[in-house]
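I have placed the structure first, in the form of structure tokens, so that the comments after it can refer back to it.
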Amino acid sequence: MTHLADISHWRLITPEIVSLAAEHFDRAAAVSQPVVGESHQWQTYLQSLALDGFQHWLTERGEALALDYRRCSLGDRPIASVLDGVYHLSIPPFRLMLIA
């Protein structure tokens, strides 16, 4: 039986909310604008928000973790519009993919 007094495990099952600023939504719109097709634009828009949200979450945690997104799939719009996530991210030594 799990006791609520053990709060360290409670954090693992509660969702965290990351608030994004207007500039994040503007950037996502700019990234997705050149993409052809409404559904592909929407997917690219969500992926851009996911990347900004993840970066913001890392910063809020105060961890000394540097997200390398220089080669991320959002920089290659034809590829970004057909992928289901944001690829080529890393926090050395880990490689990451964000799914939006």
For this session: Any chance you could measure Leu98, atom CG, to Leu74, atom CG, to the nearest 0.5 Å?
Result: 9.0 Å

For this session: Output, in order, the C-alpha distance, side-chain angles, deciding distance and verdict of side chain to side chain contact (heavy atoms under 4.5 Å, CB included) for Val86 and Tyr69.
Result: CA-CA 9 Å; Val86 182; Tyr69 59 92; over 6 Å; no

For this session: Determine the minimum heavy-atom distance between Val18 and Gly53, stating which atoms define it.
Result: CG1-O, 3.7 Å

For this session: First locate atom CG of Leu58, then atom CD1 of Ile91, and finally report the distance between them rounded to the nearest 0.5 Å.
Result: 4.5 Å

Exercise. Around atom CD of Glu23, are there more than 12 heavy atoms of other residues, nucleotides or ligands at under 6.0 Å?
Worked result: yes

Problem set entry | Tyr87 OH to Ile99 CD1 distance, which is reported to the nearest 0.5 Å | 7.0 Å

Problem set entry | Criterion side chain to side chain contact (heavy atoms under 4.5 Å, CB included) on Tyr45 and Val31, from CA distance to verdict | CA-CA 7 Å; Tyr45 180 81; Val31 167; over 6 Å; no

Problem set entry | Minimum heavy-atom distance between Gln41 and Gln33, given as atom pair plus value | NE2-O, 3.0 Å

Problem set entry | Least distance between heavy atoms, Ala66 atom then Pro92 atom | O-CD, 3.8 Å

For this session: To the nearest 0.5 angstrom, please state how far the NE2 atom of His88 sits from the CE atom of Met97.
Result: 11.5 Å

Problem set entry | Which atom of Ser48 lies closest to which atom of Ala28, heavy atoms considered | OG-CA, 3.4 Å

Problem set entry | CD on Gln55 to CG on Leu20, rounded to 0.5 Å | 10.5 Å

For this session: Calculate, to the nearest 0.5 Å, the distance between atoms CD and OG belonging to Gln43 and Ser32 respectively.
Result: 11.0 Å

Exercise. If you take all heavy atoms of Gln47 and Gly85, which pair is closest and at what distance?
Worked result: NE2-N, 3.4 Å

